[in-house]
Amino acid sequence: MNYLYSPITYFSIVLLGTLATIPIAIFYNKKGSPQKTLPFILLNLLVPCITALVLIFFSGNEFLINDFWDRLFKFNIQFNYLVSFVFLMPCAVLIATLISLLWGGSTQQFLISKDISLFGVLIPVIIVPLIEEIGWRSYGVDSLHSNFNLFTTSLIYGSLWGAWHLNLFFVKGFHQSQLWDRGFIHVFNFFIGIIVIAFLMNWVFYNTGRSIPVLVLCHSVFNLSSMLFRTEARTELITTVILFGLLCGVIAADKDDWFDKSRIKTITTEEIE
């Protein structure tokens, strides 16, 4: 028995939630009260997760439901791969920082950011990855992969994931709004970077038996790595180049995983049992 996913339904709801919060973010920013947009930002964060859970548990498909519970607590990854995935982003940032020194980058980048606080770390490093990945990985990514190969799935997902962040460009205090102030190249780098990361995370996802906890951990480390140190704008550009180079190597190493249509993902009774 196969389950027929509804990617159009899922991502339409998710993106409509984002579009609905953009006017609110712009309005309160002009009023000088960006903090009043936070409840709407939280709502936008929850939409992918809530939508996924509704589509899963109201599907009436016991195999899809069992598959969700199985993957929610599944930590299927060898220790050496776990170490590699966890240190991937920190190493990329470290190498990028060292390279930036050749172009006059500051050694202050190796210091802990002045904006780091317990509350400031708790939300983007623990809460946000958990909520996001339950939504994206329990339904969103698989819904695309049921129709496309992994390469196309990752390209579409990365683009939609980037669009889902649009409202944050209009809320002062968020990293995205700072990128907007820096100029086009930094905004462009954000969207390219998020697509590259989407590819890498999907690669991890399907090579760990679609384990949600592993993706939550990777997402947490990615977020922590991007905010922990006083990384300069130029270093962020270099980091994207490094990750893109790594991704090219990953794709070249196993083209079948990325382009073979016969590996399109569906939920079947055999997989659940």
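These numbers come from the heavy atoms of this one structure, side chains and all, not from hydrogens, waters or symmetry mates.
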### Full working for side-chain contact (heavy atoms from CB on, under 4.5 Å) between Gln176 and Leu166
CA-CA 8 Å; Gln176 287 80 0; Leu166 279 174; over 6 Å; no

### Message
For a side-chain hydrogen bond (donor to acceptor under 3.5 Å, both in side chains) check, start with the C-alpha distance between Ser100 and Gln109, then their side-chain angles and the critical distance, and finish with the verdict.
### Response
CA-CA 10 Å; Ser100 75; Gln109 294 181 90; 3.0 Å; yes

### Task
Before giving the answer on side-chain contact (heavy atoms from CB on, under 4.5 Å), spell out for His219 and Val216 the whole-Å C-alpha distance, their side-chain angles and the decisive distance to 0.1 Å.
CA-CA 5 Å; His219 196 152; Val216 171; 5.7 Å; no

#### Entry: Full working for side-chain hydrogen bond (donor to acceptor under 3.5 Å, both in side chains) between Thr152 and Asn149
CA-CA 6 Å; Thr152 304; Asn149 61 39; 3.1 Å; yes

### Task
Would you check, one step at a time, whether the test side-chain contact (heavy atoms from CB on, under 4.5 Å) holds for Met201 with Arg137?
CA-CA 10 Å; Met201 291 181 71; Arg137 306 298 160 181; 3.7 Å; yes

### Task
Take Asp142 and Tyr206, measure what side-chain hydrogen bond (donor to acceptor under 3.5 Å, both in side chains) needs, and give me the verdict at the end.
CA-CA 10 Å; Asp142 276 341; Tyr206 286 106; 2.6 Å; yes

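A donor atom on one side chain and an acceptor atom on the other are found under 3.5 Å apart for Ser154 and Asn202.
No more than 12 heavy-atom neighbours from other residues, nucleotides or ligands sit within 6.0 angstrom of CD1 on Ile8. Around the NZ atom of Lys172, the shell of radius 6.0 Å holds no more than 12 heavy atoms that belong to other residues, nucleotides or ligands. Within 6.0 Å of atom CZ in Phe244, 12 or fewer heavy atoms from other residues, nucleotides or ligands are found, so the atom counts as exposed in its surroundings. Atom CZ of Phe57 has more than 12 heavy atoms from other residues, nucleotides or ligands within 6.0 Å.
Atom CD1 of Ile99 and atom CD1 of Ile242 lie 4.5 Å apart (nearest 0.5 Å). Here the CD1 atom belonging to Ile41 is positioned 4.0 Å from the CG atom belonging to Asn167, to the nearest 0.5 angstrom. For the atom pair Ile251 CD1 and Leu246 CG, the distance stands at 10.0 Å (nearest 0.5 Å). Atom CZ of Arg234 and atom OG1 of Thr97 lie 12.5 Å apart (nearest 0.5 Å). Atoms CG and OG, from Leu72 and Ser138 in turn, are 8.5 Å apart once rounded to the nearest 0.5 Å. Phe205 contributes atom CZ, which lies 6.5 Å from atom CD1 of Ile212 (distance to the nearest 0.5 angstrom).
A cation-pi arrangement is not found for Arg230 relative to Phe110, the charged atom failing to lie both closer than 6.0 Å to the ring centre and inside a 45° cone about the ring normal.
Under the 6.0 Å cut-off for aromatic ring centres, Phe85 and Trp203 qualify, their centroids lying closer than that.
Every side chain to side chain contact (heavy atoms under 4.5 Å, CB included) that Phe75 has, sequence neighbours left out, goes to Ile77, Leu82, Pro213, Val214, Leu217. Remark: Phe151 pairs with Phe199, Phe259 by the ring pair (Phe, Tyr, Trp, His ring centres under 6.0 Å) rule, at least two apart or across chains.
Closest approach of Asn147 and Pro7 over heavy atoms only: ND2-CG, 3.6 Å.
For the ring pair (Phe, Tyr, Trp, His ring centres under 6.0 Å) test with Phe169, the passing option among Phe174, Trp164, Phe190 is Phe190; the others fail.
Listed by first and then second residue, the side-chain hydrogen bond (donor to acceptor under 3.5 Å, both in side chains) pairs that reach into residues 185-196 are Asn189-Thr240, sequence neighbours excluded.
Below 30°, between 30° and 60°, or above 60°: for Tyr28 and Phe40 the angle between ring planes is below 30°, a parallel geometry.
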